[in-house]
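Step one of this worksheet: look at the structure below.
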Amino acid sequence: FFTDYTDQQFFLFDQTGTQANINVPKSELWGGELEVTALPTDSLQVDFAIGYTDSEIKEYEDVQGVLVPPEEILGSKVPGAPVWSLNLGLEHTAAVSNSLDLVSRLDYEHRAKTYWTLDNLDTQAAYDLVNLSFSLERDKWAARLFVRNLLDEEYIEWFFAARFIGLPADIAWPSAPRQVGLEFTYRYKRRVRNDQKFNYGNYLRSRRRVRLSAPGDPPSMGVELIGEGHATTTDRSAYLPRYSGSATHRRWKLSAQKFL
């Protein structure tokens, strides 16, 4: 891929602590991605992906209120994305019964060095993430036990350097600790009738999310309820007079997780 940006926007704070954006007149990004999915056996799936991103700030002008001079920014890497990324996933499915499967999945992700600031002085060192899950799945429901950030890796998800505008301290958002959770998903569907005012040929999707968290910063435990649905409607009046489409699919998911 190759991307040629004009007036690319970057987020920062001004001297009052208010969120603001600045524009970089010209910048370029280039690189490549490769994704492979293999099925060595009927019960095993292997997912592999690797990505590389290089970049350069080609033009930069002095911005009022930004204390870092243009000559320290011009020619730098565009911040925000790791130079190299690698993902490996292993998923195994074992039949527990004729209608119930046990799905085990292990995901590994490597993120190389990431530049946080326009002058490239602040970086996030390379780090590795591991996620693990076990699911019991049937046609209409699934129960999943998961562990995110299994190795409890500590890293910075977002960073802003105080020297850009003279703030008294840098601002950083730390990563979430190891999370252990249990998730239950139920799927169902119903017919779409002519009088339900769906537009023929349209794809409709809705999502509802409710979150409850225990006190703390970050919260020690959270519960999340997600409702999701979509409808694909086509004119079937020739052979299904009462129905305008195939079906409306709905899903409810309840997720509880503990931060360790």
Side-chain angles (χ1 to χ4, degrees), residues 1-12 21-61 63 66 68 70-93 103-133 146-161 164 171-176 178-179 203 205 207 230:
F1 64 86
F2 175 81
T3 306
D4 184 3
Y5 280 104
T6 300
D7 291 330
Q8 186 178 7
Q9 288 189 331
F10 291 93
F11 168 83
L12 49 72
N21 288 312
I22 63 171
N23 294 92
V24 172
K26 185 174 177 59
S27 56
E28 295 178 351
L29 285 84
W30 60 92
E33 298 176 352
L34 174 65
E35 296 183 3
V36 177
T37 297
L39 299 172
T41 67
D42 292 340
S43 60
L44 179 64
Q45 175 177 311
V46 179
D47 300 308
F48 173 80
I50 187 170
Y52 171 76
T53 302
D54 201 354
S55 59
E56 183 180 0
I57 296 176
K58 308 291 287 187
E59 297 179 11
Y60 183 80
E61 300 172 352
V63 177
V66 177
V68 177
E71 56 268 21
E72 296 185 12
I73 296 177
L74 190 63
S76 298
K77 307 289 186 183
V78 174
V83 179
W84 285 97
S85 62
L86 185 143
N87 298 77
L88 178 63
L90 301 175
E91 182 173 296
H92 182 265
T93 302
V103 180
S104 307
R105 184 169 180 89
L106 177 68
D107 287 288
Y108 165 78
E109 180 179 3
H110 173 77
R111 300 178 186 175
K113 181 171 68 174
T114 300
Y115 296 98
W116 286 126
T117 53
L118 290 169
D119 57 6
N120 291 174
L121 294 183
D122 299 284
T123 62
Q124 166 64 57
Y127 59 96
D128 302 289
L129 297 175
V130 178
N131 298 325
L132 180 64
S133 67
F146 62 85
V147 183
R148 296 173 182 153
N149 193 5
L150 178 65
L151 304 180
D152 202 19
E153 185 79 12
E154 296 182 358
Y155 58 97
I156 299 299
E157 292 188 349
W158 182 86
F159 178 86
F160 177 74
F164 269 77
I171 301 173
W173 186 265
S175 60
R178 182 191 298 114
Q179 302 169 53
Y203 175 81
R205 183 184 179 113
R207 187 179 179 94
H230 69 264

Between side-chain atoms of residues 76-90 and protein atoms elsewhere (two or more places apart, or another chain), which donor-acceptor pairs fall under 3.5 Å?
| residue | atom | partner | partner atom | Å |
| --- | --- | --- | --- | --- |
| S76 | OG | I73 | O | 3.0 |
| S76 | OG | L118 | O | 3.3 |
| K77 | NZ | D54 | OD1 | 2.7 |

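- Taking CZ of F164 as the start and CD1 of I22 as the end, the distance is 7.0 Å to the nearest 0.5 Å.
- The CH2 atom of W116 sits 10.5 Å away from the CG atom of D122 when rounded to the nearest 0.5 Å.
- Residues T123 and F159 are not in side-chain contact: their nearest non-hydrogen atoms beyond the backbone lie 4.5 Å or more apart.
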Practice task
Please report the C-alpha distance between N131 and F146 in whole Å, then the side-chain angles of each, then the deciding distance to 0.1 Å, and finally whether the side chain to side chain contact (heavy atoms under 4.5 Å, CB included) criterion is met.
Solution key: CA-CA 8 Å; N131 298 325; F146 62 85; over 6 Å; no
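- Nearest heavy-atom pair, P70 versus E61, reported as atom, atom and distance to 0.1 Å: CG-C, 4.1 Å.
- Distance check, rounded to the nearest 0.5 Å: CG of L29 to CZ of F1 gives 6.5 Å.
- Summarising the geometry of E56 relative to W30, their closest heavy-atom pair is N-CZ3, 4.0 Å, with the distance given to 0.1 Å.
- Looking only at side-chain heavy atoms (C-beta outward), V68 and Y60 stay at 4.5 Å or farther from each other.
- By the neighbour-count criterion of 12 heavy atoms within 6.0 Å, atom CD of E72 is densely surrounded, having more than that number from other residues, nucleotides or ligands.
- No donor-acceptor pair closer than 3.5 Å links the side chain of D152 to the backbone N or O of N149.
- Scanning both residues, R105 and D47, for their nearest heavy atoms gives NH2-OD2, 2.9 Å.
- For CD of E35, the number of neighbouring non-hydrogen atoms (other residues, nucleotides, ligands) closer than 6.0 Å is 12 at most.
- Atoms CD and CG, from E59 and L74 in turn, are 8.5 Å apart once rounded to the nearest 0.5 Å.
- Judged by distance alone, the side chain of R111 and the main-chain N or O of A126 form no donor-acceptor pair under 3.5 Å.
- Within 6.0 Å of atom CG in N21, more than 12 heavy atoms from other residues, nucleotides or ligands are found, so the atom counts as buried in its surroundings.
- The OH atom of Y5 sits 12.5 Å away from atom CD1 of I57, with the distance rounded to the nearest 0.5 Å.
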Exercise for the section: Kindly determine whether T37 and E91 satisfy side chain to side chain contact (heavy atoms under 4.5 Å, CB included), including the steps that lead there. Expected result: CA-CA 11 Å; T37 297; E91 182 173 296; over 6 Å; no
Handout entry: Worked verdict on E33 versus T53 for side chain to side chain contact (heavy atoms under 4.5 Å, CB included)
Key = CA-CA 9 Å; E33 298 176 352; T53 302; 5.9 Å; no
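- How far OH of Y127 is from CD of E109: 7.0 Å, rounded to the nearest 0.5 Å.
- When all heavy atoms are compared, the tightest approach of Y155 to E153 is CD2-O, 3.8 Å.
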